[in-house]
S.K.: 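This is the structure I have questions about; it appears just below.
In what follows, chains carry the letters A, B, and so on, assigned in the order in which the sequence lines appear, proteins first and then strands, with residues in each chain numbered from 1.
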Amino acid sequence: MGFKRKKGDGDGEEMESEGRGKSSFNGTEKRSVILPSMIKNKDKRSKVYAKQKHEKKVEKQKKIRARDAAEKRALELGEEPPQKMIPKTIENTREADETVCRPDDEELFADIDADEFNPVLRREITPKILITTCRFNSTRGPAFISELLSVIPNSHYQKRGTYDLKKIVEYATKKDFTSLIVVHTNRREPDALLIIGLPTGPTAHFKLSNLVLRKDIKNHGNPTSHQPELVLNNFTTRLGNRVGRFFQSLFPPDPNFRGRRVVTFHNQRDFIFFRHHRYIFETKESKQSDKGKGGVQETIKPRLQECGPRFTLKLVTLQHGTFDTKGGEFEWVHKPEMDTSRRRFFL
Amino acid sequence: MQHDEVIWQVIRHKHCSYMAKIETGIFCRNQYNVTGICNRSSCPLANSRYATIRDHDGVFYLYMKTIERAHMPKNLWERVKLPVNYEMALEMIDKHLLYWPKLLQHKVKQRLTKMTQMRIRMRKLALKTREVIIPRPRRQIKRELRREDKAKIAAQLDKAIENELMERLKTGIYPTDIYNISDRAFNKILNKEIELNQEVEEEEEEEGVVEYVEGDDELEAEEEEDMEDFSGLPSKESYLEGDDHDSDDEENDDAEEQVVIHKRRAFKKSDDNGKAKKKSRVVVEVEQEDGDTRRSLKSLKL
């Protein structure tokens with residue numbers, strides 16, 4: 001300290017030494033009084049702050065080391081290692097929903113058997129999709145649609161013209177389409193997706209965001225024309241189940257596994273992430289230290305290459321019957337008051 | 001009491017609350033006005049004889065002014081419901097405005113035409129579906145973007161997809177002929193083939209070399225014995241050893257003595273013909289003054 005004082009340039013140095021003295025002699029109570037934010041000299045403040053930060057870091061490292069040591073000791077003694085803490089996530093602490101599907105729910109299966117998608121999913125009808133746009137469509141809209149066409153087998157694009165959506169629905173039903181997709185663009189950017197099941201199926205309105213087209217994806221692959229397989233993740237509730245089945249009904253129920261194409265609808269916190277990949281199973285050799293020389297173990301691992309568009313959907317409304325905004329019966333509508341808790345999800 | 005000229009003067013030059021002066025002209029906002037223009041002939045206030053058509057929820061009425069009832073504004077106008085049919089409505093107007101000024105008749109008929117057209121247009125538009133623009137609060141958009149980003153991180157999409165694919169592989173829904181190929185086995189076969197090819201190439205190289213063969217019977221016999229000893233498959237090690245010898249001897253080339261030793265072990269095929277047997281012999285070639293000593297060394301080695 002004395003040395004410091006000799007070298008020191010007055011006020012700031014004294015303050016620091018004071019702070020140090022307090023921390024060493026009087027304990028934590030007084031240190032908490034002087035916060036770095038209360039120091040007016042910036043240079044000094046940053047020094048004190050850096051020091052505090054460093055102390056915190058050291059403390060944390062000590063903690064981790066102690067934990068690791070305890071675990072190691074437990075392993076050596078053959079005891080059960082202390083339980084690992086499970087971090088709290090939003091998924092862990094999700095608000096309980098009574099509609100979450102259980103495998104023993106007979107009512108649900110009865111509903112599934114009776115719903116609109118059943119004939120498609122039971123392979124009685126092959127899905128045939130009509131894709132169209134809103135009235136004004138340009139730039140990214142057509143590009144997006146051409147990629148959708150490559151993703152969804154047996155899909156056809158028709159220009160919208162000035163036709164009423166109800167008229168188009170009639171037309172599509174007559175031509176034996178099983179679903180109608182309307183890509184809605186706003187300010188030359190696709191921003192909504194309307195999927196209508198035909199002839200009686202529900203109408204789902206999704207908000208579309210974060211659209212990345214194939215050419216903007218780095219190291220993208222080009223999809224083949226094989227029928228893709230489908231991955232539907234995390235559709236847990238009744239509503240989620242219904243939406244998942246809706247997506248399922250867009251794709252043929254008999255994927256061609258030789259194509260090794262996979263289309264994913266992954267639901268996380270009510271956002272449905274769409275991805276399209278090619279994949280391959282690879283065997284990798286990993287050395288095992290226990291067995292010594294010959295301990296080479298082969299693990300099969302899938303390797304993915306993304307192709308096709310990437311976007312995110314969020315359900316806005318689900319309507320019973322085909323498109324009818326005025327007289328239609330809505331099964332589910334997203335309302336702003338549903339957003340009050342960040343741990344409440346509906347899909 | 002009712003003096004049209006006075007009223008007009010006041011209205012036009014002093015003040016009229018119905019008058020609307022805009023760039024394109026002077027218009028009238030009075031609902032009884034036939035033309036909508038502010039002038040002497042079509043002013044509903046300054047004309048004692050006046051007729052017009054008004055629309056009440058899609059039904060047209062012919063309004064006629066009877067100036068004798070001017071003291072009772074409630075009863076000032078006499079109205080007649082016009083039929084929906086345009087031609088019948090025209091006839092009705094003709095009937096009611098029989099002795100009215102020609103100009104007024106004409107204006108009323110004109111107004112009827114315009115209003116019929118308007119009615120048709122309105123009904124058409126009402127049937128049309130229109131896009132409705134719904135506002136979305138900026139705060140909500142931003143919040144959703146934020147939550148989406150976090151959800152994407154939490155989703156760990158690639159991992160989730162890989163896990164799902166692995167599970168499917170384990171359930172065995174994939175056809176086995178394209179999946180589960182172990183590339184190691186494949187690579188092994190490939191490597192073997194490559195080695196074989198290399199061996200063949202080496203042999204071919206040696207075939208071109210001129211060799212001098214000793215006609216020593218004893219040696220031959222010895223070597224035949226050797227062959228019998230071997231008889232089995234060639235061991236890799238011995239092959240490599242031979243190679244080593246070759247290289248060692250070549251290093252010695254720099255020295256004055258030139259010693260070339262060809263060791264051939266083509267023991268692969270037991271049913272080789274005589275030529276092959278000859279080839280398989282160990283050949284020691286010495287070009288030296290004291291060649292005998294060398295030869296003896298060689299024989300010792302063997």
S.K.: Side-chain contact, heavy-atom cut-off 4.5 Å: V231(A) with R168(B)?
M.R.: yes
S.K.: Could you tell me the separation between the CD1 atom of I161(B) and the CZ atom of R275(A), rounded to the nearest 0.5 Å?
M.R.: 7.5 Å
S.K.: How many angstroms lie between atom CG of L169(B) and atom CZ of F257(A), to the nearest 0.5 angstrom?
M.R.: 11.0 Å
S.K.: Answer yes or no: does atom OH of Y18(B) have more than 12 heavy-atom neighbours from other residues, nucleotides or ligands under 6.0 Å?
M.R.: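 Not buried by this count: 12 neighbours or fewer within 6.0 Å.
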S.K.: Is chain B contacted by the side chain of N267(A), its backbone, both, or neither, given a heavy-atom distance below 4.5 Å?
M.R.: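 For N267(A), there is no contact with chain B at all, as no heavy atom is under 4.5 Å.
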S.K.: Hey, does R269(A) have a side-chain heavy atom less than 4.5 Å from the side chain of R147(B)?
M.R.: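 No, too far: nothing below the 4.5 Å cut-off.
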S.K.: Flag the one option from N210(A), N186(A), I90(A), T89(A) with the top tally of heavy-atom pairs under 4.5 Å to chain B.
M.R.: N210(A)
S.K.: Would you indicate whether R143(B), at its atom CZ, is surrounded by more than 12 heavy atoms from other residues, nucleotides or ligands within a distance under 6.0 Å?
M.R.: yes
S.K.: With the side chain counted from C-beta on, respond yes when Q268(A) and K152(B) share a heavy-atom pair under 4.5 Å apart, and no when they do not.
M.R.: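 No. Closest side-chain heavy atoms not under 4.5 Å.
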S.K.: Shortest non-hydrogen contact from H266(A) to A160(B)?
M.R.: CE1-CB, 3.6 Å
S.K.: Does E23(B) have more than 12 heavy atoms from other residues, nucleotides or ligands lying within 6.0 Å of its CD?
M.R.: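 Counting other residues, nucleotides and ligands, CD of E23(B) stays at 12 neighbours or fewer.
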S.K.: Quick check on I86(A): does its CD1 atom have over 12 non-hydrogen neighbours (other residues, nucleotides or ligands) under 6.0 Å away?
M.R.: no
S.K.: Got a second to check how far M166(B)'s CE is from I300(A)'s CD1, nearest 0.5 Å?
M.R.: 6.0 Å
S.K.: Show the nearest heavy-atom pair for residues T312(A) and E148(B), with the distance to one decimal.
M.R.: OG1-OE2, 2.8 Å
S.K.: Should we count CG of N219(A) as having more than 12 external heavy atoms under 6.0 Å?
M.R.: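 No.
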S.K.: Using the ring of each side chain (for Trp, its six-membered ring), is Y174(B) parallel, tilted or perpendicular to Y279(A), with breaks at 30° and 60°?
M.R.: tilted
S.K.: Has M118(B) got more than 12 heavy atoms of other residues, nucleotides or ligands less than 6.0 Å from its CE?
M.R.: yes
S.K.: Heavy atoms only, distances under 4.5 angstrom: which of D270(A), T325(A), L230(A), L165(A) has the most pairs with chain B? Name it, please.
M.R.: L230(A)
S.K.: Locate the shortest heavy-atom distance separating F273(A) from A151(B); write the atom from each residue and the value.
M.R.: CZ-C, 3.9 Å
S.K.: Among N163(B), T129(B), V132(B), single out the residue with the greatest number of heavy-atom pairs under 4.5 Å to chain A.
M.R.: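 Counting heavy-atom pairs under 4.5 Å, the top option is T129(B).
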S.K.: Around atom CE of M122(B), are there more than 12 heavy atoms from other residues, nucleotides or ligands closer than 6.0 Å?
M.R.: no
S.K.: Hey, could you give me the CD/OG1 distance between E164(B) and T264(A), rounded to the nearest 0.5 Å?
M.R.: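 With rounding to 0.5 Å, CD (E164(B)) is 8.5 Å from OG1 (T264(A)).
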S.K.: So does E144(B) pair up with K314(A), basic N to acidic O under 4.0 Å?
M.R.: yes
S.K.: So, for D158(B) and L304(A), which heavy atoms are closest and what is the spacing to 0.1 Å?
M.R.: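 Shortest heavy-atom separation between D158(B) and L304(A) comes out as O-CD1, 3.9 Å.
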S.K.: Within the supplied structure, the quantity of interest is the number of heavy atoms (other residues, nucleotides, ligands) at a distance under 6.0 Å from E87(B) CD; does it exceed 12?
M.R.: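 Open.
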S.K.: Could you tell me if the side chain of L157(B) sits less than 4.5 Å from the side chain of N233(A), heavy atoms only?
M.R.: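 The answer is no; the side chains never approach within 4.5 Å.
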S.K.: CZ of R342(A) to NZ of K150(B): how many Å apart, nearest 0.5 Å?
M.R.: 6.0 Å
S.K.: Considering only heavy atoms, which portion of R136(B) lies under 4.5 Å from any heavy atom of chain A: side chain, backbone, both, or neither?
M.R.: side chain
S.K.: Say you draw a straight line from NZ of K301(A) to CG of L165(B); how long is it, rounded to the nearest 0.5 Å?
M.R.: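 Answer rounded to 0.5 Å: 12.0 Å.
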S.K.: Could you look at E306(A) and say if it's the side chain, the backbone, both or neither that has a heavy atom under 4.5 Å from chain B?
M.R.: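 It is neither, since no heavy atom gets under 4.5 Å.
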